[in-house]
Amino acid sequence: MYCATVRQRLLNASKAEALSFNLKKIIMLNPPASPLKFPRLLLTGAGGNLGKELRPRLKSYCDVLRVSHRSDLGASAPGEEIMLASLENKEQMMTLMKDVDAVVHMGGVSTEQPWEPILASNIVGMVNLYEAARLQGTKRIVFASSNHVTGFYRQDEVVNTKMPPKPDGFYGLSKAFGEDLAELYWARWGIETVSLRIGSSFVEPKDRRMLASWLSFDDLERLVVAALTAPIVGHTIIYGMSDNQTTWWDNTHAKHIGYRPLDSSDVFRSAVEARQPTIDGTDKAAIYQGGAFVKASPHG
Ligand code: 15L
């Protein structure tokens with residue numbers, strides 16, 4: 001009788017322990033996820049090509065969408081607040097980042113240009129953005145980096161996100177700086193970033209290169225939303241491409257972002273190949289992944 005009671009007690013105790021162990025395991029395995037709907041999201045560069053695409057789409061993921069650009073953005077849509085700001089203006093950036101839960105940073109120079117505008121927006125502007133994030137307590141930034149960080153890899157190579165950068169110009173170099181800055185702010189101050197090395201995000205692929213680099217607008221939205229809502233990201237780099245048959249980029253190290261592209265450039269392949277039947281194999285733009293960017297002179 002005594003033994004039976006003790007055995008029962010031990011059994012109950014081990015059940016309770018197992019329960020608490022399982023609970024702990026569940027808590028450890030399921031850390032609190034980022035919200036699927038944010039109180040206030042900031043979209044910078046809202047007047048740029050991709051900013052214009054994302055502006056109406058991001059509204060569903062937040063109560064208030066703060067949209068920003070250096071110049072006029074027109075009238076605000078319901079649930080939007082417009083704040084004009086220049087990346088290189090520290091004070092404006094501090095105000096812009098106040099009460100913001102997460103940022104989709106599409107602002108800055110997005111093509112090869114002389115050094116000065118790149119320095120102002122993509123170097124000084126990035127430091128201003130991250131300093132403001134640190135001081136205002138912003139938790140996560142989704143940064144529009146670019147495939148031009150690795151534009152000098154060849155088109156017969158497959159690049160993953162742990163391989164060293166090979167920028168193809170001042171623009172690509174500035175995006176490599178942005179990624180390193182994001183890494184620093186994660187390591188030192190715990191601000192999370194997903195750096196999106198965006199390929200060619202247009203309505204459809206325009207040429208043979210874009211059969212590999214194309215990112216549809218719907219997949220861009222899927223990518224940005226995955227980057228905003230993945231539970232833990234630290235600083236993660238991910239290539240922004242659709243599910244194209246030909247690819248130069250490997251996102252193995254970014255599986256935890258949970259990005260699943262649903263579009264593919266393949267439906268445009270025959271039209272693109274008919275438009276561009278031959279490729280000059282000696283042309284640097286056809287040899288390197290950066291395409292025409294590897295030849296674009298920043299010196300005018
Ligand atoms: C980029 O980074 C540019 O912002 C965009 O205009 C495209 O040209 C794209 O890369 C590309 O590589 O096609």
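Residues take their numbers from the sequence shown, with the count starting at 1. Numbering of ligands and ligand atoms starts at 1, following listing order.
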Problem set entry | atom 5 (C) of ligand 1: the protein heavy-atom neighbour that sits closest, reported with distance to 0.1 Å | Ser110 O, 4.2 Å
Seminar exercise, completed: One finds that the ligand 1 atoms under 4.0 Å from a non-hydrogen atom of Asn147 are 10 (O), 11 (C), 12 (O)
Problem set entry | Trp115 and Phe170 aromatic ring geometry - parallel, tilted or perpendicular at 30°/60° bounds | perpendicular
For this session: State whether a side-chain donor-acceptor pair under 3.5 Å links Asp263 with Ser216.
Result: yes
For this session: Please work out whether the ring planes of Tyr288 and Phe152 are parallel, tilted or perpendicular, with thresholds of 30° and 60°.
Result: perpendicular
Exercise. Under 4.0 Å from ligand 1, counting heavy atoms only, is it the side chain of Ile198, its backbone, both or neither?
Worked result: neither
Seminar exercise, completed: Out of Arg197, Glu112, His148, Met106, the nearest non-hydrogen contact to atom 1 (C) of ligand 1 is supplied by His148
Exercise. Looking at ligand 1, does any of its N/O atoms fall within less than 3.5 Å of an N/O of Ser146?
Worked result: yes
Problem set entry | Heavy atom of the protein closest to atom 13 (O) of ligand 1 (residue, atom name, distance) | Ser200 OG, 2.6 Å
Problem set entry | Residue and atom name of the nearest protein heavy atom (relative to atom 9 (C) of ligand 1), distance in Å to one decimal | Gly199 O, 3.3 Å
Seminar exercise, completed: Ranked by distance from atom 8 (O) of ligand 1, the top protein heavy atom is Phe293 CE1, 3.4 Å
Exercise. Does the ring centre of Trp214 sit less than 6.0 Å away from the ring centre of Phe268?
Worked result: yes
Problem set entry | Between CD on residue Gln289 and CG on residue Asp168, distance to nearest 0.5 Å | 9.5 Å
For this session: Go through ligand 1 atom by atom and flag the ones less than 4.0 Å from a non-hydrogen atom of Tyr171.
Result: 1 (C), 2 (O), 3 (C), 4 (O)
Exercise. Between Val103 and Met97, what is the shortest heavy-atom contact and its length?
Worked result: CG2-CE, 3.7 Å
For this session: Would you check the N or O atoms of Arg209, main chain and side chain alike, for any that come under 3.5 Å of an N or O of ligand 1?
Result: yes
Exercise. Can we say Arg57 and Asp218 salt-bridge, meaning some charged N sits less than 4.0 Å from an Asp/Glu carboxylate O?
Worked result: yes
